[in-house]
J.: 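Following this message is one structure expressed as structure tokens.
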Amino acid sequence: MALVVAQEAPTSSTMAVPHGPAGVGAARRRMRAELLGSGTPEAVVDDAVLILSELLSNAYRHARPIGVSDCVRAAWGRTSDGGVSVSVTDGGGPTRPRPSNPSVTARGGRGLSIITSLARDWGVRDDRGGRGRGHGHGHGHGHGAVTVWAVVAPSEKDAFASSMRFDLSELEGLEDL
């Protein structure tokens with residue numbers, strides 16, 4: 001029996017994403033291709049891509065781009081247990097990201113609740129300094145960046161399956177079973 005060792009993928013990827021709806025699809029496609037190419041279980045990839053989409057959409061709707069670049073930064077990487085970390089960094093907005101409880105008929109407000117249900121953990125790093133929005137110091141622009149991150153854990157089944165890579169094409173007699 002021949003064993004095939006899973007290829008190690010780059011431990012992480014980062015990309016500048018245009019601040020607006022056009023960049024979300026490109027980021028999702030790149031993340032999906034890289035993670036699937038690295039052997040990440042499809043269920044983990046699906047959850048990570050949905051989280052990335054929600055984080056980028058929130059940055060587009062509620063925050064400013066980073067500096068004068070008119071972009072936000074998306075990053076992802078494999079965790080040591082086969083999960084995926086996902087983060088989006090933007091220039092901050094008027095409030096700190098937090099889950100809400102929208103009405104049944106509301107058109108939005110469910111993104112962070114979706115992330116909460118899919119992620120093992122998530123949080124916000126606020127690196128803005130000085131007087132800025134979200135700090136109760138008037139209406140000036142904050143300095144620095146705000147990062148919302150999440151970690152998708154693999155299911156036990158997926159973690160086991162992704163650790164066991166067999167090349168079944170070299171086994172003889174399986175077609176008779």
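Each residue takes its place number in the sequence, starting with 1.
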J.: Looking only at non-hydrogen atoms, find the nearest pair between P65 and V72 and report the distance.
T.: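 It is CA-CG1, 4.3 Å.
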J.: For residues I51 and A119, report the shortest heavy-atom separation together with the two atoms involved.
T.: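 The pair with the smallest heavy-atom distance is CD1-CB, 4.1 Å.
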J.: Between the side chains of R78 and T40, does any donor sit under 3.5 Å from an acceptor?
T.: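 Indeed, the side chains of R78 and T40 share at least one donor-acceptor pair under 3.5 Å.
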J.: At what distance, to the nearest 0.5 angstrom, does OG1 of T116 lie from CG of D121?
T.: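 Spacing of OG1 (T116) from CG (D121) equals 9.5 Å.
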J.: Sequence neighbours excluded, which residues qualify as salt bridge (charged side-chain N to carboxylate O under 4.0 Å, His left out) partners of D46?
T.: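 In terms of salt bridge (charged side-chain N to carboxylate O under 4.0 Å, His left out), with neighbours along the sequence ignored, D46 is linked to R32.
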J.: Any side-chain heavy atom of V86 sitting closer than 4.5 Å to one from M31?
T.: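 Side-chain contact under 4.5 Å: yes.
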J.: Looking at every heavy atom in both A27 and M15, which two are closest together, and how far apart are they?
T.: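 Closest pair (atom of A27, atom of M15, distance): CA-SD, 3.8 Å.
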J.: Are Y60 and V124 joined in one hydrophobic group, where the rule is that I, L, V, M, F, W and Y side chains link up if heavy atoms are under 4.5 Å apart?
T.: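 Unlinked, Y60 and V124 end up in two clusters.
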J.: State, yes or no, whether a side-chain contact exists between S87 and L55 at a heavy-atom distance under 4.5 Å.
T.: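 When only atoms from C-beta onward are counted, L55 and S87 do not touch, as no gap falls below 4.5 Å.
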J.: Please write out which residues are connected to W149 in a hydrophobic cluster, directly or through intermediates, given that two of Ile, Leu, Val, Met, Phe, Trp, Tyr count as joined at side-chain heavy-atom separations below 4.5 angstrom.
T.: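 V151, all in the cluster of W149.
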J.: Starting at CD1 of I115, measure out to CG of N58 and round the result to the nearest 0.5 Å.
T.: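 Rounded to the nearest 0.5 Å, the CD1-CG separation comes to 6.0 Å.
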J.: May I ask you to test the V45-V84 pair for a side-chain heavy-atom distance under 4.5 Å?
T.: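 They are not in side-chain contact.
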J.: Nearest 0.5 Å, please: how far is CZ in R61 from NE2 in H19?
T.: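 Rounded to the nearest 0.5 Å, the NE2-CZ separation comes to 11.0 Å.
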J.: Mind listing the closest non-hydrogen atom pair of V146 and G92 along with its distance?
T.: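 Smallest interatomic distance, heavy atoms only, reads CG2-CA, 3.8 Å.
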J.: Could you give the distance from CZ (R120) to CG (D81), rounded to the nearest 0.5 Å?
T.: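 Taking CZ in R120 and CG in D81, the distance rounds to 4.5 Å.
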J.: Distance from D126 atom CG to T147 atom OG1, nearest 0.5 Å?
T.: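 Between D126 CG and T147 OG1, I get 9.0 Å after rounding to 0.5 Å.
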J.: Hey, could you give me the CD/CG distance between E42 and D47, rounded to the nearest 0.5 Å?
T.: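 With rounding to 0.5 Å, CD (E42) is 11.0 Å from CG (D47).
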J.: Do V148 and V88 have side chains that get closer than 4.5 Å, going by heavy atoms?
T.: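 Side-chain contact under 4.5 Å: no.
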J.: Among residues at least two apart in sequence or on other chains, which ones pass side-chain hydrogen bond (donor to acceptor under 3.5 Å, both in side chains) with S85?
T.: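 With neighbours one apart ignored, the set is empty.
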J.: Locate the shortest heavy-atom distance separating I66 from T89; write the atom from each residue and the value.
T.: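 It is CD1-O, 3.3 Å.
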J.: Closest approach of V44 and P154, non-hydrogen atoms and distance?
T.: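 It is CG2-CA, 3.6 Å.
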